[in-house]
Protein chains: 2
Amino acid sequence: MATIRDVAKLAGVSVATISRYLNKSGYVNVETEQKIKKAIEALNYEPNAVARGLAGKKTNTIALILPDISNPFFPELARAVEDVASMYGYTVILCNSDDEGVKEKSYIEVLKKKYIDGIIFASNTLDSSDVEQMTKKGIPVVCLDRVPPKQSCSVVRSKNREGAKLAVEHLLDMGCRKIAHIYGPQEFITAKERLAGYEESVKHLDWYSPTFMIQGDFRIEGGIRATELLMERHPDVDAIFAGNDLMAVGALKALHRMGVQVPGQVAVCGFDGIGMTEITQPELTTVAQPIYEMGALVSRILIKKIEGTLEADQTYELDVALVPRESTLRRNGHESS
Amino acid sequence: MATIRDVAKLAGVSVATISRYLNKSGYVNVETEQKIKKAIEALNYEPNAVARGLAGKKTNTIALILPDISNPFFPELARAVEDVASMYGYTVILCNSDDEGVKEKSYIEVLKKKYIDGIIFASNTLDSSDVEQMTKKGIPVVCLDRVPPKQSCSVVRSKNREGAKLAVEHLLDMGCRKIAHIYGPQEFITAKERLAGYEESVKHLDWYSPTFMIQGDFRIEGGIRATELLMERHPDVDAIFAGNDLMAVGALKALHRMGVQVPGQVAVCGFDGIGMTEITQPELTTVAQPIYEMGALVSRILIKKIEGTLEADQTYELDVALVPRESTLRRNGHESS
DNA sequence: CTGCTATGTGGTACCGGTTACACATCGATT
DNA sequence: AATCGATGTGTAACCGGTACCACATAGCAG
């Protein structure tokens with residue numbers, strides 16, 4: 001591997017000139033430029049990224065910290081982040097935190113030592129003090145979903161409350177009269193907001209009762225258990241709005257086992273819009289977040305922040321969209337309201 | 001951030017001693033050790049990974065190059081790779097190649113400049129000359145599935161041919177008599193081997209005909225199209241063995257649309273063992289690869305290779321296991337043979 | 001007493017870039 | 001003619017580690 005000094009020698013100029021040429025910083029005579037070009041070509045020279053990193057404290061590397069890449073929500077997000085990053089010449093380090101603060105912090109330590117340029121957090125554990133510390137130390141941070149109290153970083157999220165309302169409205173539209181909600185762990189702000197949206201939409205209805213709200217764990221298993229509990233408690237429920245798609249899948253499974261027809265007896269609606277919703281039977285109606293766009297946006301924002309072209313930190317709330325599918329299709333649609 | 005020179009000054013020793021202490025290379029007096037410890041503590045010193053990288057050409061970073069993290073096969077693999085890597089103090093860079101040679105090569109260029117310690121290839125595009133070049137330049141490589149002709153690196157794969165046979169046997173066991181196969185793109189060695197296993201298992205049967213083999217694209221859409229074509233060509237087929245789970249899901253969808261009962265009229269079996277197979281209706285029988293184990297193993301091998309504790313390059317062929325589920329459950333099971 | 005090995009430490013070149021600063025040239029301005 | 005800004009280039013310190021080599025001391029074998 002040729003070094004910048006080799007190039008300098010061959011081109012008959014100093015390393016400073018080569019460096020200026022490479023970074024387009026400072027003046028370089030056109031003729032000199034030609035000589036340098038030739039030398040670089042001849043030596044097949046490629047600047048060493050690590051040396052650059054050491055000298056300039058910039059590594060063109062960002063980190064993506066998420067709970068678990070095996071969770072079907074994240075691969076698409078990660079893909080988007082990586083796509084955008086690589087487009088801008090950045091490389092992505094993947095970190096699975098399992099939503100454990102300890103792991104997160106230890107990743108952060110390692111990443112700092114590696115002069116990472118910035119971090120994307122798609123994690124719920126992170127407390128605002130961490131974010132603040134990062135920001136203070138000059139490491140740009142962008143968060144997904146989670147808003148650290150003291151808006152010390154940009155955030156990308158989607159309209160969970162509105163989404164929940166969309167779901168409930170849709171179910172009402174389809175003629176459902178008793179709509180239950182399986183909500184996610186309340187440490188997750190998304191779960192909280194979706195629950196709030198649901199409650200807001202149904203609290204004025206005559207059948208409303210807190211017993212229609214059951215806690216799940218944002219996973220299939222929890223969706224199953226919650227549905228079993230729910231159907232025992234309220235056999236007359238005719239719709240389930242799950243706080244995320246995985247729990248909706250669980251609901252589907254549980255109902256199928258119980259011999260309950262979907263959507264005939266009970267309609268089911270999820271939230272997130274992960275790919276799985278298209279392969280269930282029946283296909284699952286869901287409130288889709290623009291997952292890829294969220295990833296692309298968060299990545300773009302981080303890079304802007306790194307490169308100093310971001311005016312100010314901001315919270316971006318992306319629109320969600322109801323994707324009606326079989327699981328909420330009722331022959332008596334549009335009968336109500 | 002404190003540097004090693006700050007520590008040296010405070011401890012009253014030279015940087016060389018600090019370095020020796022940190023790396024446990026060479027002698028350090030116990031008392032000196034104490035002083036150094038104290039100084040490090042006081043300054044909250046953490047050695048700089050980039051500087052280390054530059055000096056030692058070792059960055060404790062590996063790269064995982066795969067076609068697309070959104071493909072449901074890979075998240076679990078990536079998770080395993082990252083788990084093991086982080087256990088050994090390595091960080092993982094994620095690269096999506098889309099199976100395009102150009103992208104792969106450009107990633108490799110970037111990674112080399114970053115002094116990456118090693119690469120895991122879970123990609124099919126890579127030709128052996130690339131691998132050889134890598135190896136020649138001293139960058140350890142481990143491959144998944146794909147065996148570069150001149151065994152210039154370790155490989156982890158699973159028993160595709162045997163798996164295909166397991167699938168066919170199982171279908172025969174369940175009383176199926178005409179078993180079709182939807183095979184994947186033949187550039188993929190896995191697809192080739194599974195097809196070969198299928199052919200070997202059925203070629204001696206009286207109904208055997210090449211028309212029972214249809215090409216798919218390893219994705220849901222291709223599974224759908226292949227199934228449509230197949231059912232038109234052979235309405236009497238009573239089992240479909242798909243070359244991977246995604247195509248099996250496609251088959252399920254297509255059959256459902258056509259009103260064909262699964263498993264009543266046609267049984268369906270996939271290959272891979274991705275999570276999706278548990279949420280289809282009916283749940284999908286599949287030949288499961290030990291995905292997590294494969295990722296963990298490939299990661300472990302790479303790290304061994306990096307650290308020089310790998311004796312010799314080798315090909316590891318992991319066992320697959322038939323996971324029988326509803327999609328192949330026939331009431332007349334065990335009637336045949 | 002000499003020589004050898006084990007222990008312990010420091011000086012400094014080196015990894016391969018970036019960049020502040022000094023210096024030189026030259027046409028334009030006053 | 002003196003001054004100034006734009007252009008162009010080189011020297012060398014610096015980023016923060018690693019590691020080779022020199023050197024010192026001490027115990028022990030011959």
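Protein chains get the first letters and strands the later ones, always in sequence-line order, with residue 1 at the start of each.
A close approach under 4.0 Å does occur between a side-chain nitrogen or oxygen of Tyr27(B) and OP1 or OP2 of dT7(C). Put simply, Thr17(B) has a side-chain N or O that comes within less than 4.0 Å of OP1 or OP2 on dG10(C). The side chain of Asn23(A) contributes an N or O atom lying less than 4.0 Å from OP1 or OP2 of dT18(C). For Lys57(B), a side-chain nitrogen or oxygen approaches OP1 or OP2 of dG16(C) to under 4.0 Å. Using a 4.0 Å cut-off, some side-chain N or O of Thr32(B) falls inside it from OP1 or OP2 of dT9(C).
Ser154(A) places a side-chain N or O within 3.5 Å of a backbone atom of Gln314(A) that can act as its donor or acceptor partner. For Ser106(A) (side chain) and Lys103(A) (main-chain N/O), a donor-acceptor pair under 3.5 Å exists by modelled atom type. Proximity of a side-chain donor or acceptor of Asp98(A) to a complementary backbone N or O of Glu100(A) within less than 3.5 Å is not detected.
Boundaries of the chain A contact region on DNA chain D are dA6(D) to dG16(D), first to last in 5' to 3' order (nucleotide atom under 4.0 Å from a heavy atom).
The nearest whole Å value for the distance from the NZ atom in Lys113(B) to the P atom in dG17(C) is 11 Å. Remark: P of dG10(C) and CZ of Arg20(B) are 8 Å apart, rounded to the nearest angstrom. Rounded to whole Å, the distance from NZ on Lys24(B) to C1' on dG8(C) is 16 Å. Note: CZ (Arg5(A)) to P (dC14(C)) measures 10 Å, nearest angstrom. Atom CG in Leu22(A) sits about 15 Å away from atom P in dG16(C), given to the nearest Å. Rounded to whole Å, the distance from OH on Tyr21(B) to P on dG10(C) is 16 Å. If you measure from atom CD1 of Ile4(A) to atom C1' of dG17(C), you get 6 Å, rounded to the nearest angstrom.
Taking every heavy atom of residues 37-47 of chain B and every atom of DNA chain C, no pair lies under 4.0 Å.
The side-chain tip of Lys113(A) does not point at the ring of Tyr115(A) from less than 6.0 angstrom away and within 45° of straight on.
Residues Ala51(B) and Val28(B) both approach DNA chain C. Their nearest nucleotides, taken by heavy-atom distance, put Val28(B) toward the 5′ side.
Taken to the nearest 0.5 Å, the CG atom of Leu297(B) stands 6.0 Å off from the CG atom of Leu318(B). With rounding to the nearest 0.5 angstrom, the CD1 atom of Ile69(A) is 11.5 Å from the CG atom of Leu77(B).
Counting any heavy atom pair closer than 4.0 Å across all strands shown, Ser25(A) reaches no nucleic acid atom. Nucleic acid contact for Thr3(A): sugar-phosphate only, since backbone atoms but no base atoms lie under 4.0 Å from a heavy atom of the residue. Residue Val50(B) is classed as having no contact, given no heavy-atom separation below 4.0 Å to the nucleic acid.
Around atom NZ of Lys304(B), no more than 12 heavy atoms belonging to other residues, nucleotides or ligands sit under 6.0 Å away.
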Can you list the steps and then say if Lys114(B) with Thr61(A) is a side-chain hydrogen bond (donor to acceptor under 3.5 Å, both in side chains)? CA-CA 10 Å; Lys114(B) 294 203 176 187; Thr61(A) 306; 2.9 Å; yes

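You'll find that the side chain of Ala55(A) is closest to dG16(C), out of dT19(C), dG16(C), dG10(C).
The two residues Ser299(A) and Ala85(A) have their closest heavy-atom pair at OG-N, 3.7 Å.
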